[in-house]
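What follows is one structure encoded as structure tokens, with my remarks underneath.
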Amino acid sequence: MASIDYEVELSDAERAARETVHKFAEEVMRPAGVVLDAMADPRDVIAKESILWEVFEKHRALGLDEFTAPNSDLAPAQQARLRCIISEELGWGDAGLAISFGVAGFPRMMAQMSGKPELIERFSADDCIGCWAGTEPDHGSDLIYYMNRQGVEQPGRPNCIARKDGDSFVLSGQKAAWVSNGTIAKAAAMFCAVDMGDGKRADAGFLVPLDVPGVSKGKPLNKIGQRALNQGEIFFDHVRIPAEYMVIPPDAYGFATQIILTTANGGMGSIFVGVAQAALDLAVGYAKQRVQGGVPIFQHQNVKMRLFKMFRQVHAARALSRQVTLYNSINVPSRLHLAVASKVTSTNTAFEVASSALQIFGGNGLSREYPIEKLLRDARASMIEDGCNDLLSLVAAESL
């Protein structure tokens, strides 16, 4: 039932990438994801002896970033297709790990956006795990809602502020426990309030090394799903960084943030198409093995109808995700509302398909001996992260 079975005109590069990543997802990500998910204490997930670090090393060894690097020889449309194929397969393997891999490259992406050679060199090391430090204890999805509202000040007090001080910025405050890779990251792509000394409130984007004095981290978050994905608080106690580490100034914040959010939501759409496909694959396999009433349950009409509905949902979500990623890769400006449509559709689909798959598993689906309950938990988390689906839908609707 793999998605590739319905592909046409795959290039050699696409076929090779898909086969390589699928093998990695099946042989490395899935087993590791099960082990990490079962750990009662999230501190064990990131312990020195954890399998997590071996998975990161093997992921780096695949060299997948070469397919989508700015200096790639591939055309934007080719990069977009490869990005979809790779993200879907990683999501099929383990959603939490797939997100962790993606977020790890955010500082590198922002450094490349800056065009500054010194920042590109500083924040692009292969072993530099990054994070996207946007969410704050008092600010989550509303950061997205208010980011492009000209003349409308974001309500509430910011939890983290960067204050201009000569040739430096001084960072004070905290980021929330939902920062992905938060307690393991070596660098942050950080969005926060900024005080330029003119008395006006604004927002900006910074590259922040997390191995400097004044940075501390909270304990890893203990959560219902995506337990392989490390998340946790980051605290800044008068952390001084060079002024050139501001890569998104206030006057460009809205535009740049929209590009990054478009990329992030498009990536979430692709990853959770993979999760939905994984749930469908498991359900079909189980339905052909489980015997009730003297025959495999696949032969019962209600099971067939349920499976076919799941099949339609997965492929509809995939078609939208692919179309959106392709469109946004070749059009400037990219369209955030399209990426949101992909994210909302794919994550809702992943949850609905995983829930239907669990119903097919019956009582066995409730047991941790079977993998479907983990997929359901992982999918449920996706409907809140990177902006909850309800608020994202409101943001996107205004673009219509």
Side-chain angles (χ1 to χ4, degrees), residues 29-47 50-53 55-56 90-104 106 129-144 159 174-185 188 216-235 264-265 267-268 271-272 274-276 278-279 343-344 346-348 350-352 354-355 358 365-368 370-392:
M29 293 179 71
R30 276 201 174 177
V34 170
V35 171
L36 296 171
D37 179 75
M39 293 179 175
D41 190 337
R43 289 175 295 187
D44 293 336
V45 172
I46 61 171
S50 172
I51 194 175
L52 177 70
W53 309 115
V55 175
F56 261 98
L90 293 177
W92 184 90
D94 185 273
L97 290 171
I99 294 171
S100 187
F101 296 152
V103 175
F106 263 58
I129 295 176
C131 67
W132 181 16
T135 180
E136 299 182 357
D138 296 323
H139 298 281
S141 297
D142 60 348
L143 288 172
I144 301 172
N159 300 111
Q174 76 172 100
K175 289 297 180 177
W178 299 104
V179 176
S180 295
N181 292 345
T183 73
I184 63 174
S216 60
K217 299 172 182 178
K219 64 182 181 180
L221 186 65
N222 199 349
K223 48 192 167 49
I224 185 175
Q226 299 179 22
R227 295 175 62 82
L229 170 62
N230 166 259
Q231 292 178 302
E233 298 167 309
I234 308 177
F235 300 90
N265 277 274
M268 288 286 287
I271 287 171
F272 283 90
V275 174
K343 189 266 184 180
V344 171
S346 292
T347 55
N348 284 351
F351 180 70
E352 291 170 8
S355 181
L358 190 145
L366 303 176
S367 169
R368 299 198 72 172
Y370 291 82
I372 191 60
E373 62 86 27
K374 175 183 178 297
L375 283 179
L376 184 65
R377 289 185 285 111
D378 289 348
R380 185 62 186 88
S382 71
M383 300 163 73
I384 296 175
E385 64 188 335
D386 275 5
C388 74
N389 284 1
D390 292 338
L391 187 138
L392 285 177

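Sequence positions, counted from 1, serve as the residue numbers for this chain. These values consider heavy atoms only, across backbone and side chains, with no hydrogens, waters or symmetry-generated copies.
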Quiz item: Please walk me through it: do L375 and V275 pass side-chain contact (heavy atoms from CB on, under 4.5 Å)?
Solution: CA-CA 7 Å; L375 283 179; V275 174; 4.1 Å; yes
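Atoms CE and CG, from M29 and L36 in turn, are 10.5 Å apart once rounded to the nearest 0.5 Å. Here the CG atom belonging to D378 is positioned 9.0 Å from the CD atom belonging to E373, to the nearest 0.5 angstrom. In this structure, OG1 in T135 is found 10.5 Å from CD in E233, a value given to the nearest 0.5 Å. Note that the CD1 atom of I184 and the CG atom of L229 stand 8.0 Å from one another [nearest 0.5 Å]. To the nearest 0.5 Å, the span separating CD1 on I46 from CG on D41 amounts to 9.5 Å.
Taking a 6.0 Å sphere around CZ of R30, one finds it holds more than 12 heavy atoms contributed by other residues, nucleotides or ligands.
A pairwise comparison of heavy atoms in N181 and S100 identifies OD1-OG, 2.6 Å as the closest pair. Residue A228 comes nearest to V45 through the heavy atom pair O-CG1, 4.1 Å, listed as atom of the first residue, atom of the second, then distance. The two residues T183 and P220 come nearest to each other via the heavy atoms OG1-CG, 3.9 Å. Nearest heavy atoms, G182 versus N230: N-OD1, 3.3 Å.
With no hydrogens or angles considered, a side-chain donor-acceptor pair links E385 and Q226 at under 3.5 Å.
A perpendicular orientation is assigned to the rings of F101 and F56, their planes being inclined by more than 60° (bins at 30° and 60°).
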